Amino acid sequence: MLYDNHMHCRFSEDSDADPIEMVMSAKSKGLAGITFTDHMDISYPNGEFIISDVANYLHTLDQISKEYSDHGFEILKGIELGLQTHVVSDNKNLIDSHDFDVVIGSIHLIDGLDPYYESFWEGIDPALRFRRFYETTLENIKAFTDFDTLGHLDYIFRYHHTDNAPDTYSDYRELVDAILQEIIKKDIALEVNCSPINKGMLYPNPMPDIIKRYHQLGGRLITLGADAHEPQNIGAGFDILPDLLKDCGFNSYAVFKHRKPQEIAI
């Protein structure tokens, strides 16, 4: 029985999903619970990925939870916070002002550009982009620490368009190790994000080598999420997780409730 702790509904710019339909899909798939984690990426270009009314977002989730939670299924409320060094105070004020079960800290922008878009890759050596992504991640998690799990580390590798992409870990070992050591030191979990599997890739973000390295360095907190933006994608890729995670050294994962991790056996 797994929880899917990363998903988006109509409160996110990139999803039109009805949250109730997300709940019903999760129940039909036999999940133990879900966490809504809609986007709040302050200073994202063109004002995208901003929840305009966070209080209404949380109130809506509270009402849905009252109606659709039961003894075998739990609905939690979270947020996916876009990390950038120049919005640290804004992010802090947001977190201090609202009651979330979990805060995912994610890096979507590298020097103001998102790897999702073709323009990110134009006119520059892709290897420099990969390195800058990890550098930016390290800068951000040193600048802001009030989040619970680091979302989709190696996110950039979902969207590269190069024939000879570097390895997500070994080619950037010193930076990845520094990131992992930083979150371990601060008791921040590492998210295992299955979105790449739903896109036809073989492994989650981050790749198994990074998950193994996190465990080798002493990391024990992991969270799980499919990063679904549509009901049918909830829990996508979860079938490979038990064996993959055990191979990486993990026998449990964490679900955050009121910002506190609760470990659940795999």
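Predicted model only: the values in this text are computed from it and were never measured. Excluded from the calculations below are hydrogen atoms, water molecules and symmetry mates; all remaining heavy atoms, backbone and side chain alike, are included. Position 1 is the first residue of the sequence; numbering continues from there.
Here the closest non-hydrogen pair linking Ala143 and Thr85 is CB-CG2, 4.0 Å. Pairing each heavy atom of Pro208 with each of Cys248, the nearest pair is O-SG, 3.8 Å. Listed here is the closest heavy atom pair of Leu190 and Pro206: CD2-CG, 4.0 Å.
Salt-bridge formation is not detected for the pair Asp171/Arg131: no Lys NZ or Arg NE/NH1/NH2 atom is positioned less than 4.0 Å from an Asp or Glu carboxylate oxygen. Salt-bridge check for Arg132 with Glu139: passed, with a basic side-chain N closer than 4.0 Å to an acidic carboxylate O.
Of the possible polar contacts, one joining the Ser12 side chain to the His39 backbone as a donor-acceptor pair under 3.5 Å is found. At distances below 3.5 Å, at least one donor-acceptor pair connects side-chain atoms of Asp101 with backbone N or O atoms of His258. Under the 3.5 Å distance criterion, the side-chain polar atoms of Asp148 are left unmatched by any main-chain donor or acceptor of Ala189. Judged purely by atom type and a 3.5 angstrom limit, Asp247 has no side-chain atom pairing as donor or acceptor with the backbone of Asp243. Between the side chain of Asn91 and the backbone N or O of Gly82, at least one donor-acceptor pair lies under 3.5 Å. Under a 3.5 Å cut-off, the side chain of Tyr134 and the backbone N or O of Arg173 do not form any donor-acceptor pair. Looking only at distances, a side-chain donor or acceptor of Asp125 sits under 3.5 Å from a matching main-chain atom of Ala127. The main-chain N or O of Ser65 is never found under 3.5 Å from a side-chain atom of Lys77 such that the two would form a donor-acceptor pair. Formation of a donor-acceptor pair under 3.5 Å by the Asp114 side chain with backbone atoms of Leu109 is not found in this model. A distance-only check finds a donor-acceptor pair linking the side chain of Arg220 to the backbone of His215 [under 3.5 Å].
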Criterion side-chain contact (heavy atoms from CB on, under 4.5 Å) on Glu135 and Leu175, from CA distance to verdict: CA-CA 7 Å; Glu135 290 173 344; Leu175 285 169; 3.9 Å; yes
Residue pair Asn46, Glu13: steps toward the side-chain contact (heavy atoms from CB on, under 4.5 Å) verdict: CA-CA 11 Å; Asn46 302 319; Glu13 184 79 18; over 6 Å; no
Leu113 vs Arg129, side-chain contact (heavy atoms from CB on, under 4.5 Å): CA-CA, chis, key distance, verdict: CA-CA 10 Å; Leu113 297 173; Arg129 287 294 197 203; 3.7 Å; yes
Steps toward side-chain contact (heavy atoms from CB on, under 4.5 Å) verdict (Gln262, Phe256): CA-CA 6 Å; Gln262 297 187 11; Phe256 280 81; over 6 Å; no
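Under the 4.5 Å side-chain criterion, counting only non-hydrogen atoms from C-beta, Thr37 is not in contact with Asn5. Taking 4.5 Å as the limit, every side-chain heavy atom of Thr35 sits out of range of all side-chain heavy atoms of Ile104. Between Ile95 and Arg259, the closest side-chain pair of non-hydrogen atoms falls below 4.5 Å. At a threshold of 4.5 Å between non-hydrogen side-chain atoms, the residues Gln84 and Asn140 count as touching. The closest side-chain heavy-atom distance from Ile75 to Phe36 is below 4.5 Å. Using a 4.5 Å heavy-atom cutoff, the side chains of Val192 and Phe250 are not in contact. At a threshold of 4.5 Å between non-hydrogen side-chain atoms, the residues Asp177 and Arg213 count as touching.
Using a 3.5 Å distance cut-off with no hydrogens or angles, the side chains of Ser43 and His86 do pair a donor with an acceptor. For the residue pair His6/Glu80, the side-chain donor-acceptor check at 3.5 Å is satisfied. Counted by atom type alone, His8 and Asp227 present one or more donor-acceptor pairs between their side chains at under 3.5 Å.
Grouping the Ile, Leu, Val, Met, Phe, Trp and Tyr side chains by contacts below 4.5 angstrom, directly or via other members, places Met201 apart from Phe133. The hydrophobic clustering, which links ILVMFWY residues whose side-chain heavy atoms are closer than 4.5 Å, places Leu221 and Val102 apart. Neither Met1 nor Met7 shares a network with the other; the hydrophobic side chains, linked directly or stepwise wherever heavy atoms of I, L, V, M, F, W or Y lie under 4.5 Å apart, form separate groups for each. In this structure, Leu224 is a member of the same hydrophobic cluster as Tyr214, with clusters built from ILVMFWY side-chain heavy atoms closer than 4.5 Å. By the rule that hydrophobic residues join a cluster once side-chain heavy atoms approach within less than 4.5 Å of another member, Val54 and Leu76 end up as members of one cluster.
His108 pairs with exactly one of Tyr155, Phe49, Tyr44 by the ring pair (Phe, Tyr, Trp, His ring centres under 6.0 Å) rule, that one being Tyr155. Looking at Ile210, Asn198, Leu244, Asn193 one by one, the single match for side chain to side chain contact (heavy atoms under 4.5 Å, CB included) with Pro204 turns out to be Leu244.
Under the 6.0 Å cut-off for aromatic ring centres, Phe157 and Phe130 qualify, their centroids lying closer than that.
The salt bridge (Lys or Arg N to Asp or Glu O under 4.0 Å) check on Asp90 picks up nothing, with sequence neighbours excluded. Applying the side chain to side chain donor-acceptor pair (under 3.5 Å) test to Glu263 and every residue at least two apart in sequence or in another chain returns Ser252. Annotation: salt bridge (Lys or Arg N to Asp or Glu O under 4.0 Å) contacts of Lys29 (sequence neighbours excluded): none.
The aromatic rings of Phe144 and Phe147 sit parallel, their planes meeting at an angle under 30°, below the 60° perpendicular limit.
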